Amino acid sequence: MKKVVIIGAGPAGLTAADTLIKENKDEYKITVLEESGDVGGISKTVKYNGNRMDIGGHRFFSKDERVMQWWKDKLPVQGEPSFDDKKLGRVKQLSDGGPDPDTEDEVFLIRNRISRIYFLNKFFDYPISLKPQTFINMGLKRTLKSGFSYAGSLVHKREERSLEDLYINHFGKTLYSMFFEGYTEKLWGRHPSMIDPSWGKQRVKGISVTEVVKNALGKVLGKNSSDETSLIEEFMYPKYGPGQLWEKVADDIEKGGAELIKNAKVTGVNKENGEISGVIYEKDGEKIALDADIVLSTMPVKDLVEAMEFDVPDRIKRIAAGLPYRDFVTVGLLVDKLNLKNETDIKTLGNIVPDCWIYVQDTDVKLGRIQIFNNWSPYLVKDAENTVWIGLEYFCSEGDSFWNMTDEACIDLAISELVKMGVINSKDNVLDSHRERIKKAYPAYFDTYENMDEVVDFLNTFGNLYCIGRNGQHRYNNMDHSMATAFEAVDAIVSDNPDKSAIWNVNTEQEYHEKK
């Protein structure tokens with residue numbers, strides 16, 4: 001049997017293990033090493049005092065049919081399994097908008113994709129819509145200025161040397177400055193003019209004012225005319241959060257013969273005869289060597305190269321060591337109510353606003369997004385009828401002043417910002433709180449990233465090393481893209497195909513997973 005070592009039990013690592021077992025479990029002896037005590041990576045679900053937190057929010061939707069089918073094979077969709085048929089696919093709800101108490105536990109729910117932008121102390125649809133309220137919120141002057149600015153961007157296209165250039169080409173300078181500039185700087189800690197446009201090309205494929213107009217016209221005609229992931233209106237979601245799915249997959253791979261070792265940090269990578277011969281991991285203070293015929297790595301590229309216990313070219317070391325990341329903090333607050341009125345026609349339990357996320361463009365606060373867990377799934381909340389469980393999302397860098405705050409100071413800051421925004425009245429509204437810190441949540445596109453191709457070429461010299469997942473490729477992949485890299489890697493392994501371009505090309509092409 002070939003010894004396969006998979007570093008990381010996130011979506012990519014677990015998908016790779018599960019797929020290898022299905023291909024031929026008798027041919028591979030699989031060991032999965034997970035640094036933490038949990039599975040799912042940033043797609044895990046944190047359990048706290050009877051409530052559950054989704055780290056970052058994970059919509060289960062993909063243009064990749066293989067990914068969609070894989071998800072549905074793991075958890076059935078509640079009701080009719082047709083994702084496209086809204087009438088049949090919606091979750092059964094009670095007359096007051098609550099969840100069906102008879103719903104089975106291991107299911108996907110179909111959820112409404114509703115998010116808004118908080119800007120100018122007002123709420124705008126996200127993506128921006130053409131509703132009258134949008135123009136009322138913007139005011140006549142801003143509306144006219146935005147229209148002329150966008151028209152100008154159609155005539156004069158910038159050379160896209162930065163993320164700022166890309167956004168202005170898509171939306172015009174006025175809309176860019178209103179809805180992208182400040183938020184992007186919060187997210188990355190750098191002005192968009194300093195960020196490589198690659199990130200924007202992956203995240204806003206084809207989205208522009210023209211696409212918004214096209215989508216709006218489609219609704220008038222009674223159909224959804226958008227092919228863009230950013231404009232989908234419904235998505236699947238595990239009843240108890242994304243961690244529910246990945247915990248099931250972890251259980252499946254162990255039943256299929258794989259060994260999953262938690263709290264096992266990979267600290268060394270060995271080479272022999274031009275191939276990766278094994279890894280060294282630490283567990284309970286002990287260093288353990290593990291031989292490998294095949295290695296699939298989801299660990300950060302920076303850490304992977306640093307762990308190589310053999311000669312690595314100095315330039316490759318410098319590039320890998322300089323690859324930047326943004327870290328992530330979620331402050332969970334259990335509140336008795338929100339000062340936000342539900343002015344939509346969508347029923348929700350307790351008649352709270354139906355948003356999954358509220359994007360905070362206002363630069364007067366550090367807060368980036370507000371996640372309303374009740375709306376992802378009411379089952380994430382211990383008492384969804386009488387309380388609202390929210391996640392306040394902050395972007396920072398490990399070791400900076402915000403990261404190093406005590407839990408108490410960070411929670412106090414988060415509460416004060418909600419009060420300042422008028423989302424809650426006072427600290428008295430808060431019933432419980434919890435903070436989660438996530439390292440290397442977002443691979444960033446600046447500093448030495450411009451030379452990333454050289455690192456990829458170096459890693460590809462090892463025929464039995466496959467880099468998959470978000471951090472494994474230092475690419476801001478969604479969950480489905482991370483899974484797709486695992487599928488491609490397994491296909492290459494099973495077919496003994498030495499060409500790894502398909503693995504690295506996931507989520508790089510303009511049309512990938514987008515238009516059929």
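Since this is a predicted model, take the numbers as computed values, not measurements.
When Leu465, Leu290, Ile6 are each tested for a side-chain contact (heavy atoms from CB on, under 4.5 Å) with Val295, only one passes: Leu465. Applying ring-ring contact (aromatic ring centres under 6.0 Å, His included) to Phe179 and the options Tyr167, Phe119, Tyr359 leaves one that passes, Phe119. Applying side-chain contact (heavy atoms from CB on, under 4.5 Å) to Val5 and the options Leu33, Ile294, Asp291, Val269 leaves one that passes, Leu33. Each of Arg158, Lys173, Lys157 was scored for a salt bridge (charged side-chain N to carboxylate O under 4.0 Å, His left out) with Asp165, with one residue passing: Arg158.
From Ile117, atom CD1 reaches atom CG of Asp362 across 12.5 Å, with rounding to the nearest 0.5 Å. Note that OG of Ser162 is 7.5 Å distant from CD1 of Ile168, once rounded to the nearest 0.5 Å. Met299 contributes atom CE, which lies 9.5 Å from atom NZ of Lys440 (distance to the nearest 0.5 angstrom). The line from CG of Leu187 to CZ of Arg326 is 7.0 Å long, rounded to the nearest 0.5 Å. Here Arg59 contributes atom CZ and Ser115 contributes atom OG; the two are 4.5 Å apart, rounded to the nearest 0.5 Å. With rounding to the nearest 0.5 Å, the separation of CZ in Phe328 from CD in Glu436 is 10.0 Å.
In this structure, Lys2 and Ile493 have side chains that are not in contact, with every pair of non-hydrogen atoms separated by 4.5 Å or more. Inter-residue side-chain proximity for Asp54 and Tyr237 is flagged as met; some heavy-atom pair is nearer than 4.5 Å. Residues Val494 and Tyr28 have side chains in contact (heavy-atom distance under 4.5 Å, counting atoms from C-beta outward). By the 4.5 Å heavy-atom criterion applied to side chains, Trp246 and His58 are not counted as neighbours. Thr15 has its side chain out of reach of Val67: every pair of non-hydrogen atoms, C-beta onward, lies at least 4.5 Å apart. Residues Ile280 and Glu309 meet the side-chain proximity criterion, which asks for heavy atoms closer than 4.5 Å. Looking at heavy atoms from C-beta onward, Ile30 lies out of side-chain contact with Ile253 at the 4.5 angstrom threshold. You'll find the side chain of Phe171 stays beyond 4.5 Å of the side chain of Met178, heavy atoms only.
Remark: Asp407 pairs with Arg435 by the salt bridge (charged side-chain N to carboxylate O under 4.0 Å, His left out) rule, at least two apart or across chains. Evaluation of the side-chain hydrogen bond (donor to acceptor under 3.5 Å, both in side chains) rule for Trp70 yields Asp18 as partners, not counting sequence neighbours. Listed by chain and number, the residues in a side-chain contact (heavy atoms from CB on, under 4.5 Å) with Asp355 are Ile114, Arg116, Val353, Ile358, Ile372 (sequence neighbours excluded). Contacts of Arg437 classified as salt bridge (charged side-chain N to carboxylate O under 4.0 Å, His left out), with partners at least two apart in sequence or in another chain: none.
Here the shortest heavy-atom pairing between Ala9 and Leu14 reads O-CD1, 3.4 Å. Residue Ala12 comes nearest to Ser482 through the heavy atom pair CB-O, 3.6 Å, listed as atom of the first residue, atom of the second, then distance. The shortest heavy-atom contact between Leu245 and Pro238 is CB-CG, 4.3 Å.
With Asn471 contributing its side chain and Thr298 its backbone, the two residues share no donor-acceptor pair below 3.5 Å. With Arg475 contributing its side chain and Val506 its backbone, the two residues share a donor-acceptor pair below 3.5 Å. A donor-acceptor contact shorter than 3.5 Å is absent between the side chain of Glu272 and the backbone of Ser277. Formation of a donor-acceptor pair under 3.5 Å by the Gln473 side chain with backbone atoms of Cys467 is found in this model. At distances below 3.5 Å, at least one donor-acceptor pair connects side-chain atoms of Ser416 with backbone N or O atoms of Leu413. Under a 3.5 Å cut-off, the side chain of Glu275 and the backbone N or O of Gly463 do form a donor-acceptor pair. Judged by distance alone, the side chain of Glu417 and the main-chain N or O of Lys366 form a donor-acceptor pair under 3.5 Å. In this structure, Asn270 contributes its side chain and Val279 its backbone to no donor-acceptor pair below 3.5 Å. Of the possible donor and acceptor atoms, none in the side chain of Thr485 sits under 3.5 Å from a partner among the backbone N and O of Ile468. Between the Asn478 side chain and the Asp480 main chain, no donor and acceptor come within less than 3.5 Å of each other.
Ser501 and Asp499 share a donor-acceptor pair across their side chains, judged by distance under 3.5 Å alone. A donor-acceptor contact under 3.5 angstrom links the side chains of Ser198 and Asp196, judged on distance only.
Under a cut-off of 6.0 angstrom, the local environment of NZ in Lys47 is sparse, with at most 12 non-hydrogen atoms contributed by other residues, nucleotides or ligands. With a 6.0 Å radius and a threshold of 12 heavy atoms from other residues, nucleotides or ligands, Lys439 has its NZ atom at or below the threshold. Counting non-hydrogen atoms of neighbouring residues, nucleotides and ligands closer than 6.0 angstrom, the CD atom of Glu306 reaches no more than 12 such neighbours. When the shell of 6.0 Å around CG of Asp457 is examined, it contains more than 12 heavy atoms from other residues, nucleotides or ligands.
Among residue pairs with one or both ends in residues 263-297, none qualify as ring-ring contact (aromatic ring centres under 6.0 Å, His included); sequence neighbours excluded. Each salt bridge (charged side-chain N to carboxylate O under 4.0 Å, His left out) pair with one or both residues in residues 252-266, not counting sequence neighbours, appears once here: Lys74-Asp252, Lys248-Asp252, Asp251-Lys255.
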The test is ring pair (Phe, Tyr, Trp, His ring centres under 6.0 Å); show your working for Tyr325 and His474 and say whether it passes.
CA-CA 9 Å; Tyr325 300 82; His474 198 86; 4.8 Å; yes
Phe235 and Trp376: ring pair (Phe, Tyr, Trp, His ring centres under 6.0 Å), yes or no, with the steps?
CA-CA 10 Å; Phe235 59 92; Trp376 291 82; 5.4 Å; yes
Test side chain to side chain contact (heavy atoms under 4.5 Å, CB included) applied to Trp188 and Phe395, step by step
CA-CA 7 Å; Trp188 296 115; Phe395 315 110; over 6 Å; no
Evaluate the salt bridge (Lys or Arg N to Asp or Glu O under 4.0 Å) criterion for residues Asp491 and Arg66: first the C-alpha distance (whole Å), next the side-chain angles of each, then the deciding distance (0.1 Å), finally the verdict.
CA-CA 13 Å; Asp491 288 346; Arg66 185 175 181 180; 3.1 Å; yes
Does the ring pair (Phe, Tyr, Trp, His ring centres under 6.0 Å) test come out yes or no for Phe462 and Phe310, once each step is laid out?
CA-CA 13 Å; Phe462 305 104; Phe310 48 85; 5.7 Å; yes
Working for ring pair (Phe, Tyr, Trp, His ring centres under 6.0 Å), residues Phe402 and Tyr394
CA-CA 9 Å; Phe402 184 81; Tyr394 290 90; 4.9 Å; yes
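With Tyr466 as the aromatic partner, Lys500 meets the cation-pi criteria of under 6.0 angstrom to the ring centre and within 45 degrees of the ring axis.
For Tyr176 and Phe180, the distance between ring centers is not under 6.0 angstrom.
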